[in-house]
Amino acid sequence: MEMIGATMAGLDNGHLPLMSTEGSGGVYFMPDPSGQRNVAVFKPIDEEPMVENNPKGFPLSVDGEGLKRGTRVGEGALREVAAYVLDHPVDGLKSCDATGFSGVPPTALVRCCHLRKGFKIGSLQMFVENHGSCEDMGPRDFPVQEVQKIAVLDIRLANADRHGGNVLVCRDGEDDLKLVPIDHGYCLPEKFEDCTFEWLYWPQSREPFSDETTSYIESLDADKDIALLKFYGWNLPPQCARVLHISTMLLKKGAQRGLTPYDVGSIMCRKTVKRESGIEVIIDEAEDAVLPGTSEDTFLEAVSEVMDRHLDDMMSKLKQNK
(Lines give C-alpha, C1' and ligand atoms only; values in the text may rest on other atoms or scores of the structure.)
Protein backbone atom coordinates (compact mmCIF):
# COMPACT_ATOMS: atom_id res chain seq x y z
CA MET A 1 0.00 0.00 0.00
CA GLU A 2 1.26 3.45 -0.89
CA MET A 3 0.15 4.87 2.47
CA ILE A 4 2.58 2.58 4.31
CA GLY A 5 5.52 3.82 2.26
CA ALA A 6 4.42 7.43 2.68
CA THR A 7 3.99 6.95 6.43
CA MET A 8 7.47 5.46 6.76
CA ALA A 9 8.95 8.29 4.71
CA GLY A 10 7.25 10.84 6.94
CA LEU A 11 8.72 9.22 10.05
CA ASP A 12 12.16 8.98 8.43
CA ASN A 13 11.98 12.73 7.74
CA GLY A 14 11.41 13.40 11.42
CA HIS A 15 7.70 14.19 11.31
CA LEU A 16 6.21 12.81 14.53
CA PRO A 17 2.68 11.40 14.88
CA LEU A 18 0.07 13.74 16.33
CA MET A 19 -2.38 12.25 18.85
CA SER A 20 -6.03 12.99 18.17
CA THR A 21 -8.04 14.58 20.97
CA GLU A 22 -11.09 12.58 19.88
CA GLY A 23 -11.94 8.94 20.37
CA SER A 24 -11.65 6.58 23.32
CA GLY A 25 -8.27 5.09 22.44
CA GLY A 26 -4.88 6.15 21.19
CA VAL A 27 -5.35 7.57 17.67
CA TYR A 28 -2.42 9.12 15.83
CA PHE A 29 -2.33 11.18 12.63
CA MET A 30 0.70 10.20 10.56
CA PRO A 31 2.26 12.99 8.43
CA ASP A 32 3.43 12.53 4.84
CA PRO A 33 7.11 13.05 3.85
CA SER A 34 6.62 16.83 3.63
CA GLY A 35 4.98 17.04 7.04
CA GLN A 36 2.29 19.28 5.55
CA ARG A 37 -0.61 16.87 5.49
CA ASN A 38 -1.75 13.63 7.08
CA VAL A 39 -1.45 10.44 5.11
CA ALA A 40 -2.72 7.80 7.56
CA VAL A 41 -4.25 7.15 10.99
CA PHE A 42 -2.56 4.70 13.38
CA LYS A 43 -4.38 2.96 16.26
CA PRO A 44 -2.08 0.84 18.47
CA ILE A 45 -3.56 -2.31 19.99
CA ASP A 46 -2.07 -1.60 23.42
CA GLU A 47 -3.77 1.81 23.56
CA GLU A 48 -7.31 0.65 22.82
CA PRO A 49 -9.99 1.35 25.46
CA MET A 50 -9.62 -0.78 28.62
CA VAL A 51 -6.08 -1.88 27.67
CA GLU A 52 -3.01 -1.18 29.80
CA ASN A 53 -1.57 1.75 27.83
CA ASN A 54 -4.85 3.49 26.98
CA PRO A 55 -4.13 7.26 27.15
CA LYS A 56 -7.72 8.31 27.83
CA GLY A 57 -8.00 6.96 31.37
CA PHE A 58 -10.35 4.01 30.82
CA PRO A 59 -10.19 1.33 33.53
CA LEU A 60 -8.71 -2.03 32.62
CA SER A 61 -11.13 -4.75 31.54
CA VAL A 62 -11.59 -7.29 34.33
CA ASP A 63 -12.91 -10.10 32.13
CA GLY A 64 -11.44 -9.37 28.70
CA GLU A 65 -14.64 -7.88 27.29
CA GLY A 66 -14.25 -4.63 25.41
CA LEU A 67 -16.07 -1.34 25.73
CA LYS A 68 -18.95 -2.81 23.69
CA ARG A 69 -20.62 -6.06 24.69
CA GLY A 70 -19.51 -8.97 22.57
CA THR A 71 -16.08 -7.53 21.74
CA ARG A 72 -12.68 -8.36 23.22
CA VAL A 73 -10.01 -5.90 24.33
CA GLY A 74 -7.00 -5.73 22.05
CA GLU A 75 -8.91 -6.92 18.97
CA GLY A 76 -10.00 -3.53 17.63
CA ALA A 77 -7.19 -3.39 15.08
CA LEU A 78 -8.19 -6.80 13.68
CA ARG A 79 -11.77 -5.61 13.27
CA GLU A 80 -10.64 -2.39 11.59
CA VAL A 81 -8.75 -4.44 9.01
CA ALA A 82 -11.58 -6.97 8.67
CA ALA A 83 -14.06 -4.21 7.79
CA TYR A 84 -11.81 -3.14 4.90
CA VAL A 85 -11.14 -6.70 3.73
CA LEU A 86 -14.87 -7.55 3.71
CA ASP A 87 -15.91 -4.34 1.97
CA HIS A 88 -15.96 -5.98 -1.44
CA PRO A 89 -16.15 -3.94 -4.65
CA VAL A 90 -19.19 -4.41 -6.86
CA ASP A 91 -17.16 -6.52 -9.30
CA GLY A 92 -15.71 -8.57 -6.44
CA LEU A 93 -12.09 -7.75 -7.29
CA LYS A 94 -10.20 -5.42 -4.96
CA SER A 95 -6.85 -4.02 -6.06
CA CYS A 96 -4.26 -2.56 -3.70
CA ASP A 97 -5.35 0.74 -2.08
CA ALA A 98 -8.81 0.43 -3.69
CA THR A 99 -12.06 0.87 -1.80
CA GLY A 100 -15.12 -1.35 -1.90
CA PHE A 101 -18.86 -0.85 -2.19
CA SER A 102 -19.19 0.92 1.17
CA GLY A 103 -16.02 2.98 0.87
CA VAL A 104 -14.04 1.81 3.91
CA PRO A 105 -10.60 3.45 3.52
CA PRO A 106 -7.66 1.10 2.87
CA THR A 107 -6.56 -0.40 6.19
CA ALA A 108 -3.67 -2.68 7.17
CA LEU A 109 -2.26 -4.32 10.29
CA VAL A 110 1.24 -2.94 10.86
CA ARG A 111 4.12 -3.07 13.32
CA CYS A 112 6.21 0.01 13.95
CA CYS A 113 9.19 0.94 16.09
CA HIS A 114 8.23 2.83 19.27
CA LEU A 115 10.77 5.31 20.63
CA ARG A 116 13.52 2.90 19.58
CA LYS A 117 12.62 0.74 22.59
CA GLY A 118 10.28 -1.79 21.07
CA PHE A 119 7.37 -2.16 18.71
CA LYS A 120 3.71 -1.26 18.60
CA ILE A 121 1.19 -3.23 16.55
CA GLY A 122 -2.01 -1.67 15.33
CA SER A 123 -4.22 -0.69 12.42
CA LEU A 124 -3.07 1.86 9.85
CA GLN A 125 -5.85 3.44 7.83
CA MET A 126 -5.57 5.85 4.93
CA PHE A 127 -6.39 9.41 6.00
CA VAL A 128 -9.38 10.82 4.13
CA GLU A 129 -9.66 14.54 3.46
CA ASN A 130 -13.13 15.60 4.54
CA HIS A 131 -15.52 18.42 5.36
CA GLY A 132 -16.34 17.10 8.82
CA SER A 133 -18.55 14.26 9.96
CA CYS A 134 -22.27 13.59 9.89
CA GLU A 135 -22.42 15.01 13.41
CA ASP A 136 -21.54 18.41 11.97
CA MET A 137 -24.56 18.65 9.68
CA GLY A 138 -28.11 17.37 9.33
CA PRO A 139 -28.75 14.32 7.13
CA ARG A 140 -31.18 16.06 4.77
CA ASP A 141 -28.69 16.41 1.89
CA PHE A 142 -27.13 12.96 2.13
CA PRO A 143 -27.69 10.96 -1.09
CA VAL A 144 -29.84 7.86 -0.59
CA GLN A 145 -27.26 5.59 -2.19
CA GLU A 146 -24.54 6.88 0.13
CA VAL A 147 -26.66 6.10 3.17
CA GLN A 148 -27.49 2.66 1.82
CA LYS A 149 -23.85 1.71 1.38
CA ILE A 150 -23.21 2.57 5.05
CA ALA A 151 -26.30 0.60 6.11
CA VAL A 152 -25.25 -2.51 4.18
CA LEU A 153 -21.83 -2.51 5.83
CA ASP A 154 -23.19 -1.98 9.35
CA ILE A 155 -25.90 -4.62 9.05
CA ARG A 156 -23.68 -7.39 7.71
CA LEU A 157 -20.87 -6.65 10.19
CA ALA A 158 -23.30 -6.06 13.11
CA ASN A 159 -21.55 -2.79 13.92
CA ALA A 160 -21.85 -1.88 17.59
CA ASP A 161 -20.61 1.68 17.22
CA ARG A 162 -22.07 3.51 14.22
CA HIS A 163 -22.67 7.11 15.15
CA GLY A 164 -22.56 10.34 13.17
CA GLY A 165 -19.03 11.10 14.28
CA ASN A 166 -17.52 8.12 12.48
CA VAL A 167 -19.05 8.80 9.07
CA LEU A 168 -17.01 11.42 7.23
CA VAL A 169 -18.61 13.84 4.79
CA CYS A 170 -16.59 14.38 1.62
CA ARG A 171 -17.15 16.00 -1.75
CA ASP A 172 -17.29 13.90 -4.89
CA GLY A 173 -16.78 16.72 -7.36
CA GLU A 174 -18.19 20.18 -6.67
CA ASP A 175 -21.69 19.29 -5.56
CA ASP A 176 -22.14 15.61 -4.73
CA LEU A 177 -21.72 14.54 -1.12
CA LYS A 178 -19.91 11.29 -0.37
CA LEU A 179 -20.06 9.46 2.96
CA VAL A 180 -16.99 7.55 4.18
CA PRO A 181 -17.32 5.08 7.09
CA ILE A 182 -14.44 4.86 9.58
CA ASP A 183 -13.84 3.41 13.07
CA HIS A 184 -14.79 -0.26 12.83
CA GLY A 185 -13.13 -1.57 15.97
CA TYR A 186 -16.49 -2.76 17.30
CA CYS A 187 -17.79 -4.66 14.28
CA LEU A 188 -18.11 -8.47 14.09
CA PRO A 189 -18.99 -8.91 17.79
CA GLU A 190 -19.79 -12.20 19.50
CA LYS A 191 -23.43 -11.20 20.05
CA PHE A 192 -25.97 -8.63 18.89
CA GLU A 193 -26.61 -6.82 22.19
CA ASP A 194 -24.93 -3.51 21.34
CA CYS A 195 -25.72 -2.97 17.65
CA THR A 196 -26.08 0.77 17.13
CA PHE A 197 -26.96 2.44 13.81
CA GLU A 198 -27.21 6.23 13.72
CA TRP A 199 -28.62 6.15 10.19
CA LEU A 200 -31.88 4.60 11.47
CA TYR A 201 -32.87 8.18 12.30
CA TRP A 202 -32.12 9.48 8.81
CA PRO A 203 -35.04 9.67 6.35
CA GLN A 204 -32.99 8.03 3.58
CA SER A 205 -32.97 4.75 5.52
CA ARG A 206 -36.70 4.37 4.84
CA GLU A 207 -36.17 4.30 1.08
CA PRO A 208 -36.11 0.86 -0.63
CA PHE A 209 -32.75 -0.62 -1.51
CA SER A 210 -31.70 0.45 -5.01
CA ASP A 211 -31.20 -2.13 -7.77
CA GLU A 212 -27.44 -1.64 -7.45
CA THR A 213 -27.52 -2.24 -3.71
CA THR A 214 -29.85 -5.23 -4.01
CA SER A 215 -27.57 -6.83 -6.60
CA TYR A 216 -24.57 -6.31 -4.31
CA ILE A 217 -26.41 -7.82 -1.34
CA GLU A 218 -27.30 -10.90 -3.40
CA SER A 219 -23.59 -11.46 -4.08
CA LEU A 220 -22.60 -11.63 -0.40
CA ASP A 221 -21.50 -14.97 1.04
CA ALA A 222 -20.65 -15.29 4.74
CA ASP A 223 -18.72 -18.55 4.28
CA LYS A 224 -16.46 -16.92 1.70
CA ASP A 225 -16.03 -13.90 3.98
CA ILE A 226 -14.90 -16.11 6.87
CA ALA A 227 -12.47 -17.94 4.57
CA LEU A 228 -11.12 -14.61 3.30
CA LEU A 229 -10.44 -13.37 6.83
CA LYS A 230 -8.63 -16.64 7.58
CA PHE A 231 -6.53 -16.15 4.45
CA TYR A 232 -5.49 -12.75 5.80
CA GLY A 233 -4.55 -14.22 9.17
CA TRP A 234 -7.65 -13.87 11.36
CA ASN A 235 -9.43 -17.10 12.23
CA LEU A 236 -12.78 -15.57 13.18
CA PRO A 237 -13.96 -16.91 16.59
CA PRO A 238 -17.01 -19.22 16.33
CA GLN A 239 -19.44 -16.80 18.00
CA CYS A 240 -18.32 -13.96 15.72
CA ALA A 241 -18.67 -16.24 12.70
CA ARG A 242 -22.21 -17.09 13.82
CA VAL A 243 -23.06 -13.38 14.04
CA LEU A 244 -21.69 -12.78 10.54
CA HIS A 245 -23.70 -15.70 9.15
CA ILE A 246 -26.93 -14.50 10.78
CA SER A 247 -26.53 -10.80 9.94
CA THR A 248 -25.73 -11.62 6.31
CA MET A 249 -28.73 -13.95 6.21
CA LEU A 250 -31.00 -11.23 7.57
CA LEU A 251 -29.71 -8.64 5.11
CA LYS A 252 -30.23 -10.94 2.13
CA LYS A 253 -33.69 -12.13 3.19
CA GLY A 254 -34.77 -8.58 3.98
CA ALA A 255 -33.62 -7.22 0.63
CA GLN A 256 -35.34 -10.10 -1.20
CA ARG A 257 -38.63 -9.14 0.45
CA GLY A 258 -38.26 -5.47 -0.43
CA LEU A 259 -37.62 -4.30 3.13
CA THR A 260 -35.80 -1.00 3.63
CA PRO A 261 -32.52 -0.45 5.51
CA TYR A 262 -34.64 0.95 8.34
CA ASP A 263 -36.76 -2.21 8.48
CA VAL A 264 -33.75 -4.51 8.58
CA GLY A 265 -31.67 -2.33 10.89
CA SER A 266 -34.54 -2.02 13.37
CA ILE A 267 -34.56 -5.80 13.76
CA MET A 268 -30.92 -5.70 14.86
CA CYS A 269 -31.01 -2.81 17.34
CA ARG A 270 -32.53 -2.84 20.81
CA LYS A 271 -35.19 -0.23 21.50
CA THR A 272 -34.20 -0.19 25.18
CA VAL A 273 -31.12 -1.53 26.98
CA LYS A 274 -32.94 -4.47 28.58
CA ARG A 275 -35.38 -5.33 25.79
CA GLU A 276 -34.01 -7.88 23.31
CA SER A 277 -33.84 -6.91 19.66
CA GLY A 278 -35.75 -8.78 16.99
CA ILE A 279 -32.67 -10.70 15.88
CA GLU A 280 -31.99 -11.80 19.45
CA VAL A 281 -35.56 -13.10 19.74
CA ILE A 282 -35.09 -15.04 16.50
CA ILE A 283 -31.88 -16.61 17.82
CA ASP A 284 -33.57 -17.53 21.13
CA GLU A 285 -36.39 -19.29 19.28
CA ALA A 286 -33.92 -21.16 17.08
CA GLU A 287 -31.94 -22.30 20.12
CA ASP A 288 -35.16 -23.62 21.70
CA ALA A 289 -35.99 -25.50 18.50
CA VAL A 290 -32.78 -27.56 18.29
CA LEU A 291 -31.29 -30.23 20.51
CA PRO A 292 -28.15 -29.64 22.59
CA GLY A 293 -25.02 -30.48 20.61
CA THR A 294 -26.65 -29.69 17.28
CA SER A 295 -24.19 -28.82 14.53
CA GLU A 296 -23.71 -25.21 13.55
CA ASP A 297 -25.13 -25.84 10.08
CA THR A 298 -28.30 -27.33 11.56
CA PHE A 299 -28.61 -24.42 13.98
CA LEU A 300 -28.28 -21.89 11.16
CA GLU A 301 -30.99 -23.76 9.23
CA ALA A 302 -33.25 -23.35 12.27
CA VAL A 303 -32.39 -19.65 12.42
CA SER A 304 -33.30 -19.36 8.73
CA GLU A 305 -36.71 -20.96 9.27
CA VAL A 306 -37.54 -18.82 12.31
CA MET A 307 -36.31 -15.70 10.51
CA ASP A 308 -38.53 -16.44 7.51
CA ARG A 309 -41.55 -16.62 9.78
CA HIS A 310 -40.71 -13.37 11.56
CA LEU A 311 -40.03 -11.52 8.31
CA ASP A 312 -43.24 -12.78 6.73
CA ASP A 313 -45.18 -11.58 9.77
CA MET A 314 -43.43 -8.24 9.49
CA MET A 315 -44.33 -7.97 5.80
CA SER A 316 -48.00 -8.67 6.60
CA LYS A 317 -48.07 -5.94 9.24
CA LEU A 318 -46.38 -3.46 6.91
CA LYS A 319 -48.98 -4.16 4.20
CA GLN A 320 -51.84 -3.70 6.68
CA ASN A 321 -50.46 -0.31 7.74
CA LYS A 322 -50.29 1.04 4.20
Checklist entry - Is there a donor-acceptor pair under 3.5 Å between the side chain of S102 and the backbone N or O of V104? => result no

Checklist entry - Do Y232 and L153 share a hydrophobic cluster, counting only Ile, Leu, Val, Met, Phe, Trp and Tyr and linking them when any side-chain heavy atoms are less than 4.5 Å apart? => result yes

Next on the checklist: Within the 4.5 Å heavy-atom criterion, are L179 and V169 side-chain neighbours or not?
Outcome noted: yes

Checklist entry - Hey, does the side chain of D46 reach the backbone of E52 with a donor-acceptor pair shorter than 3.5 angstrom? => result no

Checklist entry - Should E22 and S133 be marked as a side-chain contact (heavy atoms from CB on, under 4.5 Å) after you check the CA-CA gap, both sets of side-chain angles, and the distance that decides it? => result CA-CA 13 Å; E22 300 180 353; S133 72; over 6 Å; no

Next on the checklist: Is it the case that the side chain of E48 and the backbone of G76 share a donor-acceptor pair, with hydrogens and angles ignored and the cut-off at 3.5 Å?
Outcome noted: yes

Next on the checklist: Would you compute the distance between atom CD of Q204 and atom CZ of R140 and round it to the nearest 0.5 angstrom?
Outcome noted: 11.0 Å

Checklist outcome for this item: Applying salt bridge (charged side-chain N to carboxylate O under 4.0 Å, His left out) to E193 and not counting sequence neighbours gives R69, K191

Item to check | L311 side chain reached by L250 side chain, heavy atoms, under 4.5 Å | outcome: yes

Next on the checklist: Check for me, please, whether V128 and L124 land in the same ILVMFWY cluster - side-chain distances under 4.5 Å, paths through other members count.
Outcome noted: no

Checklist entry - What's the verdict on side-chain contact (heavy atoms from CB on, under 4.5 Å) for E207 and V147, showing C-alpha distance, side-chain angles and the deciding distance? => result CA-CA 10 Å; E207 296 291 329; V147 173; over 6 Å; no

Item to check | Identified side chain to side chain contact (heavy atoms under 4.5 Å, CB included) partner of P181 from the options N159, N166, I150 | outcome: I150

Item to check | More than 12 heavy atoms of other groups within 6.0 Å of K230 NZ | outcome: no

Checklist entry - What distance separates R156 CZ from I246 CD1, expressed to the nearest 0.5 Å? => result 15.5 Å

Next on the checklist: E198 vs E135, test: side-chain contact (heavy atoms from CB on, under 4.5 Å). Steps then yes/no.
Outcome noted: CA-CA 10 Å; E198 171 75 18; E135 279 186 343; over 6 Å; no

Checklist entry - Is there side-chain contact between S219 and F101, with heavy atoms separated by less than 4.5 Å? => result no

Checklist entry - Atom OG of S266 and atom CG of L200: how far apart are they, to the nearest 0.5 Å? => result 5.0 Å

Next on the checklist: Tell me whether D12 at atom CG has more than 12 heavy atoms from other residues, nucleotides or ligands lying less than 6.0 Å away.
Outcome noted: yes

Checklist entry - Between A77 and S123, what is the shortest heavy-atom contact and its length? => result CB-N, 3.6 Å

Item to check | For L16 against P31, the heavy-atom pair lying closest together | outcome: O-CG, 3.5 Å

Item to check | side-chain hydrogen bond (donor to acceptor under 3.5 Å, both in side chains) evaluation trace for D297 with S295 | outcome: CA-CA 5 Å; D297 286 344; S295 70; 5.5 Å; no

Next on the checklist: Donor-acceptor pair, distance only, cut-off 3.5 Å: does the side chain of D308 make one with the backbone of E305?
Outcome noted: no

Checklist outcome for this item: Taken in chain and number order and not counting sequence neighbours, the residues that satisfy side chain to side chain donor-acceptor pair (under 3.5 Å) with T213 are Q145, Q148, S210

Next on the checklist: Taking D221 first and then K252, would you say they form a salt bridge - that is, a charged N and a carboxylate O separated by under 4.0 Å?
Outcome noted: no

Checklist entry - Any donor-acceptor pair under 3.5 Å linking the side chain of T294 with the backbone of L291? => result yes

Item to check | Sidechain-backbone polar pair: T7 side chain, M3 backbone, donor-acceptor under 3.5 Å | outcome: yes

Item to check | Whether N13 side chain and H15 backbone form a donor-acceptor pair below 3.5 Å | outcome: no

Checklist entry - CE of M137: more than 12 outside heavy atoms within 6.0 angstrom? => result yes

Checklist outcome for this item: Smallest heavy-atom separation, L86 atom then Y216 atom, equals O-OH, 4.3 Å

Item to check | ILVMFWY cluster, I282 and Y262 together (side-chain gap under 4.5 Å) | outcome: yes

Checklist entry - Do N38 and L18 have side chains that get closer than 4.5 Å, going by heavy atoms? => result no

Checklist entry - Salt bridge check: are K68 and D194 linked by an N-O gap of less than 4.0 Å? => result no

Checklist entry - Would you call H245 and E296 a side-chain contact if the rule is heavy atoms closer than 4.5 Å? => result no

Item to check | Between H163 and D183: side-chain donor-acceptor atoms closer than 3.5 Å | outcome: no

Checklist outcome for this item: Distance col, row L11:CG vs D32:CG, nearest 0.5 angstrom, shows 11.0 Å

Next on the checklist: Take a 6.0 Å sphere around NZ of K178 and say whether it holds more than 12 heavy atoms from other residues, nucleotides or ligands.
Outcome noted: no

Checklist entry - Hey, are the side chains of S277 and M268 touching, using non-hydrogen atoms and a 4.5 Å cut-off? => result no

Checklist entry - Checking N130 side chain against V167 main chain: does a donor-acceptor pair fall under 3.5 Å? => result no

Checklist entry - F231, L78: one ILVMFWY side-chain cluster at the under-4.5 Å cut-off? => result yes

Item to check | Exam field: side chain K56 to backbone G23, donor-acceptor pair closer than 3.5 Å | outcome: yes

Item to check | Nearest-0.5 Å distance that lies between atom CG in L177 and atom NE2 in H131 | outcome: 8.5 Å

Next on the checklist: Please determine whether a side-chain nitrogen of the Lys or Arg among R257 and D263 lies less than 4.0 Å from a carboxylate oxygen of the Asp or Glu.
Outcome noted: no

Checklist outcome for this item: Nearest heavy-atom contact between I182 and P105 is CG2-CG, 4.1 Å

Next on the checklist: With a 4.5 Å cut-off on side-chain heavy-atom distances among I, L, V, M, F, W and Y, is there a chain of contacts connecting V73 to I121?
Outcome noted: no

Checklist entry - G26 and P44: which non-hydrogen atoms are nearest, and at how many Å? => result O-CD, 3.3 Å

Checklist entry - Should M307 and I279 be marked as a side-chain contact (heavy atoms from CB on, under 4.5 Å) after you check the CA-CA gap, both sets of side-chain angles, and the distance that decides it? => result CA-CA 8 Å; M307 188 181 293; I279 195 66; 3.9 Å; yes

Next on the checklist: Taking the side chain as everything from C-beta on, heavy atoms only, tell me whether D176 gets closer than 4.5 Å to P143.
Outcome noted: no

Checklist outcome for this item: CD1 of I217 to CD of Q256, rounded to nearest 0.5 Å, is 9.5 Å

Next on the checklist: In the structure I gave you, are the side-chain heavy atoms of T99 and V180 within less than 4.5 Å of one another anywhere?
Outcome noted: no

Checklist entry - Looking only at atom types and distance, does a side-chain atom of E65 sit under 3.5 Å from a main-chain N or O of R72, one as donor and one as acceptor? => result no

Next on the checklist: Could you report the tightest heavy-atom contact between A82 and L188, atom names first, then the distance?
Outcome noted: CB-CD1, 3.8 Å

Checklist entry - Taking only residues at least two apart or on different chains, which pairs with a member in residues 192-212 satisfy ring-ring contact (aromatic ring centres under 6.0 Å, His included)? => result F142-W202, F197-W199

Checklist entry - Under 30°, 30 to 60°, or over 60°: which ring-plane class applies to F29 and F127, parallel, tilted or perpendicular? => result perpendicular

